[in-house]
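Because only heavy atoms are used, hydrogens play no part in the values below, and waters and symmetry mates are left out as well, while side chains stay in.
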Protein chains: 2
Amino acid sequence: MADKVTIADVARVAGVSRQTVSNALNTPEVVRPETRQRVLEVVEELGYRVNFAARQMRTGRSKLIAIRIDPAGDGVNGSVFDRFLHGLTESAAGAGYRLLLYTAADDQKEIAAFQDLLGAYEPDGFVLTSTHHKDARTSWLLERGLPFVTFGRPWSEPADVHPWVDVDGSAGTEAATEHLLAAGHRRIAFIGWPSGSGVGDDRREGWRRALAGAGLDPAGLSRETPDGIADGEAAARDLLTADPDITALVCASDSLALGALHVARSPNPAWHAEAYRRIAVTGFDDTPVAKAIGLTSVHQPLTDAAARCMDLLGRALDGTPPGNLLLPPSLVVRQSA
Amino acid sequence: MADKVTIADVARVAGVSRQTVSNALNTPEVVRPETRQRVLEVVEELGYRVNFAARQMRTGRSKLIAIRIDPAGDGVNGSVFDRFLHGLTESAAGAGYRLLLYTAADDQKEIAAFQDLLGAYEPDGFVLTSTHHKDARTSWLLERGLPFVTFGRPWSEPADVHPWVDVDGSAGTEAATEHLLAAGHRRIAFIGWPSGSGVGDDRREGWRRALAGAGLDPAGLSRETPDGIADGEAAARDLLTADPDITALVCASDSLALGALHVARSPNPAWHAEAYRRIAVTGFDDTPVAKAIGLTSVHQPLTDAAARCMDLLGRALDGTPPGNLLLPPSLVVRQSA
DNA sequence: ATGAAAGCGCTAACAA
DNA sequence: TTGTTAGCGCTTTCAT
């Protein structure tokens, strides 16, 4: 094991005081260039590295950012968070931070986790995901003036209450719907989640907007269901049975789309009247599943989103007024539509 | 922001010395029960939490475990690590540890990351994944006596050089092959990775063993290819064209299986001679994609594996002689076979 | 069973 | 520009 090299060792070898070493590393401009050079050489030579625990005791900064990791859910959508997490790990490292993981079952448990973490590891900031209406977590952090960013906009509050990065979901479903319109589809239905969820309502809105733009009426063309493959299948069957003119299904997630696609690709389903209808389907999130089965899907720029989250959190940590950012998604067109 | 409560505050309110508070928390048996009770009440009342940085300075233990997070790869197999990571986060929390994330592009970079981390955050231990032949990382950690576990066995060294947990891949492919044999298949091919990778060779071996057990000859029934959907498709096409009697394909991954399935489900493919052959396909890892498309696949008990990793690492941290553990996978049978 | 003293490695404040 | 002092909060001696 490499023996622990302290700032005192460097100081002794370099023939300067401990403080000069600290300055050479943290406030270079205050040290004479040649002294600084000498110190850095010794640092290199001895393989010195600052001890964060000791630094933390003085400065109160841990260089740690905490983020919650969740169970994989149905496994289809988990990959979105995972890609975000990977991107964030790299962005954070670039800014001199490391990610600290925790789990929590709900908002209240997560707030309890905040307290545990703040008391123990003292993370400098938090990155929250899955924001929702009346998010208790953000209010809690806000009340205490703790630095954080959310990946996901605030759904019940003004846009500037806290820094956030999000991907424009309605622009995504709008693009998907417009793609279908351009392909000649005229009766395009939407399968989404029960209204009340910010993300879900936003995605529905994009579809509605695109239809309105083409002078089409959305009435009767929308279904609300929990997220899941079987749910998507049921909703698709229901829609296609109820309305024989539907030729395309825009879905709020790849899970739903996967179920819908199953119906759409059935050779001779119950809802099939006389003529064969080729049903186009689009999903959301561009998960590996979409890629695997040729599902057209809305892609979120997750690596970029993670980088911008880190930017904004960095500003919050510096006290610089942060902001927020709505990133555009992109449509990945595959065989399904 | 909740003001920082220190051990001195607790001591003052409880009317004891700082040391007694520390003892009440860390060495309860040395404190009179009533004193201890009083201290714990005050701890609760003030919301005191030990400051890990300060503790770390004295004890040298950070209560941090470092683990590398990788890019998602082709996205199909990334989910295996993600489920493991989630399980590990929970197991670690249960043992009083948190996970610290880092990234590294290769073994050497990862060793550099070890050095950075050890100098800065001083993690108490490491969890390594993706072990391989001549793994430079394990040797490096071993040389320095640093605590770690691997998820994945040592492929070039004796089983007891370091603690590890792994899932028995050969048992998995063997089970898949036996399932196919039981279903009446007699010519069962294998699509795997180029030999030389421990995991890949192990998975191939299970298939071979099952064939041998049934008195069947594996000659000409195996293909080696990089991991990927297109690769699996090409290999499947090649096998089925070369040998019209093949009726089942055992694959080393869900990615390969996905490609193979594409060929198997083609209505009237080039390799199809006269009679229609229904080709059975099995994958490995039971990823969300497998579930989504009805692919029979070998499931790894990842939550359990994570928990056992934490157990073994905990022992390594205590100095208790650890061990290793080979967990059995299970076959999840779906429509594809 | 409890208390006092010391010091982990670092950097903010001040002195030289 | 460089050096000295002090102390962050905790726990490991050692003394009481």
Counting heavy atoms not belonging to Arg153(B), are there more than 12 under 6.0 Å from its CZ?
yes
Please determine, by modelled atom types, if Asp135(A) and Thr131(A) share a side-chain donor-acceptor pair under 3.5 angstrom.
no
Modelled atom types, side-chain donor and acceptor of His162(A) and Thr138(A), under 3.5 Å
no
Do the charged groups of [X] and [Y] touch, with an N to O distance under 4.0 Å?
X	Y	value
Lys4(B)	Glu122(A)	yes
Arg68(B)	Asp70(B)	yes
Glu29(A)	Arg36(A)	no
Asp318(B)	Arg315(B)	no

Within residues 38-62 of chain A: residues closer than 4.0 Å to DNA chain D (heavy atoms):
Met57(A), Arg58(A)
Mind checking whether Phe114(A) and Trp140(A) have parallel, tilted or perpendicular rings, split at 30° and 60°?
tilted
Walk along DNA chain C from 5' to 3' and tell me the first and last nucleotide with an atom closer than 4.0 Å to a non-hydrogen atom of chain A.
dG9(C) to dA13(C)
Outermost nucleotides of DNA chain D that come under 4.0 Å of a non-hydrogen atom of chain B
dG9(D) to dT12(D)
Determine, for Tyr97(B) and Lys63(B), whether the Lys NZ or Arg CZ falls below 6.0 Å from the six-membered ring centre while staying within 45 degrees of the axis.
yes
Reading DNA chain C from 5' onward, which residue's closest nucleotide shows up sooner: Asn23(B) or Arg18(B)?
Asn23(B)
State the CG-CD1 distance between Leu128(B) and Ile67(B), to the nearest 0.5 angstrom.
8.5 Å
